[in-house]
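A short write-up of the structure that comes next.
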There are 2 protein chains.
Amino acid sequence: MIRVLLAEDQGMMRGALALLLGMEADIEVVAQVGAGDEIVAAALTARPDVALLDIELPGRSGLEAAAELRAECPDCRVLILTTFGRPGYLRRAMEAGAAGFLVKDGPVEELAEAVRRVLRGETVVDPALAAAALGAGPNPLTPREAEALRAAVDGATVADIAAALHLSESTVRNYLSAAIGKTGTRNRTEAAREARRQGWL
Amino acid sequence: MIRVLLAEDQGMMRGALALLLGMEADIEVVAQVGAGDEIVAAALTARPDVALLDIELPGRSGLEAAAELRAECPDCRVLILTTFGRPGYLRRAMEAGAAGFLVKDGPVEELAEAVRRVLRGETVVDPALAAAALGAGPNPLTPREAEALRAAVDGATVADIAAALHLSESTVRNYLSAAIGKTGTRNRTEAAREARRQGWL
DNA sequence: CCACCCCCATGACATTTGTCCTGGCCAGGA
DNA sequence: TCCTGGCCAGGACAAATGTCATGGGGGTGG
């Protein structure tokens with residue numbers, strides 16, 4: 001019996017996946033969580049063989065949780081399941097020690113099969129996506145540039161961002177300008193879009 | 001046997017929902033589509049009793065498709081199933097003649113039950129959401145203001161928007177300024193965010 | 001040790017953005 | 001009929017944004 005932990009914020013999706021996996025003869029869903037900061041605790045008590053993690057979760061990102069799981073629960077394999085096949089997400093997932101990376105497109109049958117394969121020690125990644133991730137270089141943004149860009153997405157002004165990051169306004173403008181240059185865009189909004197598309201944020 | 005049409009762009013979600021609904025003794029999924037512009041054609045051949053529509057679809061919005069379904073397939077009830085419980089979405093869904101409005105949070109059990117209820121002629125809406133939709137007034141943006149705002153979301157400059165809408169730059173700035181004022185925000189990015197949150201875009 | 005990169009900051013500058021006022025055109029309602 | 005409101009446009013102005021040059025401090029690798 002393969003013990004699976006399921007982390008997914010959308011209730012209906014989570015319930016549907018749990019039911020589907022539960023119908024498989026060799027799979028058992030032993031824990032379900034809807035927030036990223038509940039993953040590690042749930043894994044420590046439920047002791048799953050495979051953790052099926054969404055990336056975009058309230059509380060903590062599935063990627064951060066994956067890294068922590070590697071440390072706290074070394075014999076639990078991580079399978080990332082996400083809406084967005086962003087190259088940077090795949091890269092970060094692999095760096096975090098994930099054993100597989102699935103996008104929510106594609107048929108449901110893939111899912112149970114992927115669970116079994118990661119448990120056998122295989123690495124499950126869509127080949128086309130892997131190529132894209134390798135093709136696009138690594139994240140060129142420095143940590144601070146990425147932070148400034150993140151803070152800018154919802155329309156915050158330079159003053160807002162400076163206050164949030166405890167920086168001077170000049171520094172913020174420099175970071176944003178650098179990010180705009182590195183993304184090859186024309187303003188912070190385009191830069192944020194592109195960075196998000198690449199999975200750099 | 002209740003005949004259901006399922007329109008949802010995410011493959012895994014679509015497959016999972018189809019399997020779940022298919023497991024109900026009295027429900028049969030007679031058509032599945034992944035794009036908004038396939039809905040009406042599929043409904044005309046499959047003749048469903050209930051159409052379960054996502055809003056954000058490639059090709060055509062589920063709301064537009066709903067309105068068209070009312071005309072082409074008057075005896076087919078529409079049940080909207082969406083990620084976002086935006087007040088404006090609910091309002092537009094009702095104006096489009098939908099019989100129900102579900103958000104993708106909440107348990108899966110709701111789904112089959114909602115299908116049965118709309119078929120019985122009931123209107124299925126989360127009461128809290130209904131209150132929010134009534135509380136917030138209707139969309140204050142004029143069609144052109146909304147268009148300008150839509151065109152601005154991905155970081156387009158005033159010149160870009162003017163070219164796209166065949167307007168002068170002055171006019172575009174006026175529209176954006178009006179939208180900023182009506183949303184009570186400080187710049188176009190915040191305005192676009194707020195308008196989207198309300199379901200006005 | 002030096003080169004390099006990240007971090008942080010300043011000031012000057014051009015461009016873009018947002019605001020306000022004015023005005024004309026046209027439709028629908030009082 | 002007049003009034004209102006949407007649509008479109010121009011100009012003028014203040015504020016925000018983006019660019020660039022410059023400089024100091026710190027860490028890391030050759």
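Side chains are part of it too, since the values below use all heavy atoms of this structure and drop only hydrogens, waters and symmetry mates. We name chains A, B, ... by the order of the sequence lines, and we start the count at 1 in each one.
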Discussion item. Exactly one of A:Asp49, A:Leu21, A:Leu17 should register a side-chain contact (heavy atoms from CB on, under 4.5 Å) with A:Val4. Which one does?
Written reply: A:Leu21

Rounded to whole angstrom units, what separation is found between the [atom1] atom of [X] and the [atom2] atom of [N]?
X: B:Leu176; N: C:dC20; atom1: CG; atom2: C1'; result: 15 Å
X: A:Ile161; N: C:dC8; atom1: CD1; atom2: C1'; result: 16 Å
X: B:Arg188; N: D:dA16; atom1: CZ; atom2: C1'; result: 11 Å
X: A:Tyr175; N: C:dT10; atom1: OH; atom2: C1'; result: 14 Å
X: A:Leu167; N: C:dT10; atom1: CG; atom2: P; result: 11 Å
X: A:Lys182; N: D:dG18; atom1: NZ; atom2: P; result: 16 Å
X: B:Glu190; N: D:dT17; atom1: CD; atom2: P; result: 10 Å
X: B:Ile180; N: D:dA16; atom1: CD1; atom2: C1'; result: 12 Å

Practice prompt. Answer yes or no: does atom CZ of B:Arg150 have more than 12 heavy-atom neighbours from other residues, nucleotides or ligands under 6.0 Å?
Written response: yes

Item to complete: Flag yes if more than 12 heavy atoms outside A:Arg3 fall under 6.0 Å of its CZ atom; otherwise flag no.
Response: yes

Remember a base hit wins even if backbone is also touched, and classify [X] as base, sugar-phosphate or nothing at under 4.0 Å, heavy atoms.
X: A:Arg144; result: sugar-phosphate
X: A:Ser168; result: sugar-phosphate
X: A:Thr171; result: base
X: B:Ser170; result: base

Response to the item:
To the nearest 0.5 Å, atom CG of A:Asp9 lies from atom CG of B:Asp105 at 7.5 Å

Worksheet entry | Check: B:Asn174 side chain, D:dC7 base, donor-acceptor under 3.5 Å | no

Any [X] side-chain N or O less than 4.0 Å from OP1/OP2 of [N]:
X: B:Arg186; N: C:dG18; answer: no
X: A:Arg173; N: D:dT19; answer: no
X: B:Ser177; N: C:dT17; answer: no

Worksheet item: In terms of the nearest nucleotide of DNA chain D, which residue is placed more toward the 5' end: B:Glu145 or A:Thr185?
Response: B:Glu145

Worksheet item: If each of B:His166 and B:Asn187 is mapped to the nucleotide of DNA chain D with the nearest heavy atom, which maps nearer the 5' terminus, i.e. the 5' end?
Response: B:His166

Worksheet item: Does B:Phe84 have B:Arg86 sitting over its ring (NZ/CZ under 6.0 Å from centre, angle to axis within 45°)?
Response: yes

